[in-house]
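Down below is the structure, laid out as structure tokens.
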Amino acid sequence: MSKKIGILSLISGLVFLISGVAKSLDINGFSKTIALYGFENLQFLSPLIVLIEVIAGLLLVFQIYTRKIAIAGTLLLFGFTLFYSYGLLFKGIDDCGCFGQIHFLNTSPVFTFIRNIILMIFLIYVSVKSDNNYGKSNKLTVIVIIAVVGIVSFISGYGYKITNNKKEDNRAYKSVENTELQEFISISRDSTYLVFAFTYTCPHCMNSIENLKQYENFGVVDKVLALSIEDSISEQKFRKIFAPNFEIKKFAPKTLFQLTKTFPTAFYIRNDSVIAKFSGELPCAFVFSKTIIRQ
């Protein structure tokens, strides 16, 4: 195998490997990114996608089954690019989340497309010019591959969870100015608020909206503040269907992700303090007032 093919295979493999490992460290964030694209039912595939990336990366780095993996990697990268293009054009999502929480690698759309095109050119070259489908491996190589795959599998499995109706500790009151909320809202100390972080495509969010509309009407809180991902197309449909009676502030995905990666998430604020934070479908105003406010 030529030196050029070896270098291109190594570069491509490292990109896949770093991407997969970075996603595994923030597997819930990656699964939520999938949901933002409108594919909530496919979130369970996030650990599998991570493993595929890591395995492909390792085989390219060690130049095992080089031609076959280069072809598979090209198809995988092409699929990722189409998926990202859909989110960018129809959902207004410009953060691909390709490298998890390594934000400086999650570049702008232009650089994301350029990077993917360059990598596909590398992989196509390797698949066409490589005369080695099987490669050579030794015991050390096998041990390294098994160890890395095992560690990534453990991290992904340990970190992955589907959050639904999860109420968090309501006793740990925190001043708003000491939480991430201070970057998203402005409040009065003598008022009560319900801050509701959601997306326009999340089914649990949709199931919560009618309950959310009760909170101001029934006097449970003084004001409802909703925080959502920017998505002009879905927002238009949302407003037509639900006719919200509350204020909605819109943010880029990577900005709102600094507050939470779980949607919906609600914060009950009283006397300038976060009294309760909970995830999952929002209870009706009556249940909320009996179970949360009176605790």
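Values below: all heavy atoms of this structure, side chains included; hydrogens, waters and symmetry mates excluded.
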*Is there a side-chain contact between Phe257 and Thr260, using heavy atoms and a 4.5 Å cut-off?*
no
_Distance check, rounded to the nearest 0.5 Å: Met206 atom CE versus Glu281 atom CD?_
11.0 Å
*Does the side chain of Phe242 reach to within under 4.5 Å of the side chain of Glu210, using non-hydrogen atoms?*
yes
*Step by step, would you call Thr265 with Phe267 a side chain to side chain contact (heavy atoms under 4.5 Å, CB included)?*
CA-CA 7 Å; Thr265 293; Phe267 304 83; 3.8 Å; yes
*Taking only residues two or more places apart in sequence or in another chain, which ones pass side-chain contact (heavy atoms from CB on, under 4.5 Å) with Ile146?*
Val142
*Which atom names give the shortest non-hydrogen contact between Lys23 and Val50, and what distance separates them?*
CB-CG2, 3.6 Å
*Apply side chain to side chain donor-acceptor pair (under 3.5 Å) to Ser46 and list each qualifying residue two or more places apart in sequence or on a separate chain.*
none
*Compare every heavy atom of Pro264 with every heavy atom of His204, then report the nearest pair and how far apart it is.*
CB-CD, 3.7 Å
*Is there a path from Ile121 to Val128 through hydrophobic residues (I, L, V, M, F, W, Y) whose side chains come within less than 4.5 Å of each other?*
no
*Report whether Ile7 and Tyr125 are members of the same hydrophobic cluster (ILVMFWY, side-chain heavy atoms less than 4.5 Å apart, transitive linking).*
yes
_Rounded to the nearest 0.5 Å, what separates atom CG in Leu8 from atom CD1 in Ile118?_
11.5 Å
_Please tell me whether Glu53 and Ser19 have a donor and an acceptor in their side chains that are separated by less than 3.5 angstrom._
yes
*Once you round to the nearest 0.5 Å, how far does CD of Gln214 lie from CG of Leu282?*
9.0 Å
*Check the hydrophobic clustering (I, L, V, M, F, W, Y; side-chain heavy atoms under 4.5 Å; chains of links allowed) and say if Phe30 and Leu76 are grouped together.*
yes
_With side chain to side chain contact (heavy atoms under 4.5 Å, CB included) as the criterion, how do Phe16 and Val54 come out once you've worked through the C-alpha distance, each side chain's angles and the decisive distance to 0.1 Å?_
CA-CA 6 Å; Phe16 275 116; Val54 169; over 6 Å; no
*Output yes when a side-chain donor or acceptor of Ser273 lies under 3.5 Å from a complementary backbone atom of Ile275, and no otherwise.*
no
*Can you check whether Leu225's main-chain N or O pairs, donor with acceptor, with Glu247's side chain at less than 3.5 Å?*
no
_Check against ring-ring contact (aromatic ring centres under 6.0 Å, His included), Tyr268 and Phe278_ = CA-CA 9 Å; Tyr268 173 59; Phe278 51 96; 8.8 Å; no
*asked:* Going by side chain to side chain donor-acceptor pair (under 3.5 Å), name the residues that satisfy it together with Asn116, two or more places apart in sequence or in a different chain.
replied: Thr81
*Just do the side chain to side chain contact (heavy atoms under 4.5 Å, CB included) check on Lys277 and Thr179 with the steps written out, would you?*
CA-CA 12 Å; Lys277 174 186 174 183; Thr179 70; over 6 Å; no
_If I take atom CG from residue Leu10 and atom CD1 from residue Ile5, how far apart are they, to the nearest 0.5 angstrom?_
13.5 Å
_If I compare all heavy atoms of Ile69 with all of Ala56, which pair ends up nearest, and what's the gap?_
CG2-O, 3.7 Å
_Please give me the minimum heavy-atom distance between Leu77 and Met120, naming the atom from each residue._
CD2-CG, 3.6 Å
*Tell me, do Leu82 and Tyr86 make a side-chain contact under 4.5 Å, heavy atoms counted?*
no
*Side chains of Phe263 and Leu256: closer than 4.5 Å at any heavy-atom pair?*
yes
*Is there a chain of hydrophobic side chains (I, L, V, M, F, W, Y, each step under 4.5 Å between heavy atoms) that links Phe44 to Phe83?*
yes
*When you measure from the centre of the six-membered ring of Phe218, is the NZ or CZ of Lys213 under 6.0 Å away and within 45° of the axis?*
no
*Pairing residues for Lys249 by the salt bridge (charged side-chain N to carboxylate O under 4.0 Å, His left out) criterion, not counting sequence neighbours*: none
*Same hydrophobic cluster for Ile143 and Val152, using side-chain heavy-atom links shorter than 4.5 Å among ILVMFWY?*
no
*With sequence neighbours excluded, tell me which residues meet side chain to side chain donor-acceptor pair (under 3.5 Å) with Ser24.*
none
*So which heavy atom on Leu58 is nearest to which on Ile145, and how close?*
CD1-O, 4.0 Å
*Only counting residues at least two apart or in another chain, list the ones meeting side-chain contact (heavy atoms from CB on, under 4.5 Å) with Ile248.*
Phe198, Tyr200, Ala226, Ser228, Phe238, Arg239, Pro244, Phe246, Lys250
_Interatomic distance, Ile114 atom CD1 to Leu119 atom CG [nearest 0.5 angstrom]_ = 12.0 Å
_Residues that Leu48 engages under side-chain contact (heavy atoms from CB on, under 4.5 Å), provided they are two or more places apart_ = Leu45, Ile52
_Close side-chain approach of Val21 and Ile155, heavy atoms under 4.5 Å_ = no
*Could you tell me which residues satisfy salt bridge (charged side-chain N to carboxylate O under 4.0 Å, His left out) with Glu180, sequence neighbours excluded, listed by chain and number?*
none
*What residues form a ring-ring contact (aromatic ring centres under 6.0 Å, His included) with Phe154, not counting sequence neighbours?*
Tyr158
*Residues which pass side-chain contact (heavy atoms from CB on, under 4.5 Å) with Val144, listed by chain and number, not counting sequence neighbours*: Phe62, Leu140, Val148
*With Glu216, which residues qualify under salt bridge (charged side-chain N to carboxylate O under 4.0 Å, His left out), at least two apart?*
none
_Check: Ser12 side chain, Ser9 main-chain N or O, donor-acceptor pair, under 3.5 Å_ = no
*Heavy-atom donor-acceptor pair, Ser153 side chain to Val149 backbone, under 3.5 Å*: yes
*Taking all non-hydrogen atoms of both residues, which atom of Val61 and which atom of Leu14 are closest, and how far apart?*
CG2-N, 3.8 Å
Show which side-chain atoms of residues 188-196 pair as donor or acceptor with protein atoms under 3.5 Å away, not counting sequence neighbours.
{"residue": "Arg189", "atom": "NH1", "partner": "Asp272", "partner atom": "OD2", "Å": "2.9"}
{"residue": "Thr192", "atom": "OG1", "partner": "Asp222", "partner atom": "N", "Å": "3.0"}
{"residue": "Thr192", "atom": "OG1", "partner": "Asp222", "partner atom": "OD2", "Å": "3.3"}
{"residue": "Tyr193", "atom": "OH", "partner": "Ser188", "partner atom": "N", "Å": "2.8"}

*After noting the C-alpha distance and the side-chain angles of Lys68 and Ile71, does the key distance pass the side chain to side chain contact (heavy atoms under 4.5 Å, CB included) rule?*
CA-CA 5 Å; Lys68 293 180 179 180; Ile71 294 172; 5.8 Å; no
_Side chains of Leu25 and Phe99, heavy atoms from C-beta outward: is any pair under 4.5 Å?_
no
*Please round to the nearest 0.5 Å and tell me the distance separating atom CD of Gln236 and atom CG of Asp231.*
11.0 Å
*Quick one: are the ring centres of Tyr84 and Phe113 less than 6.0 Å apart?*
yes
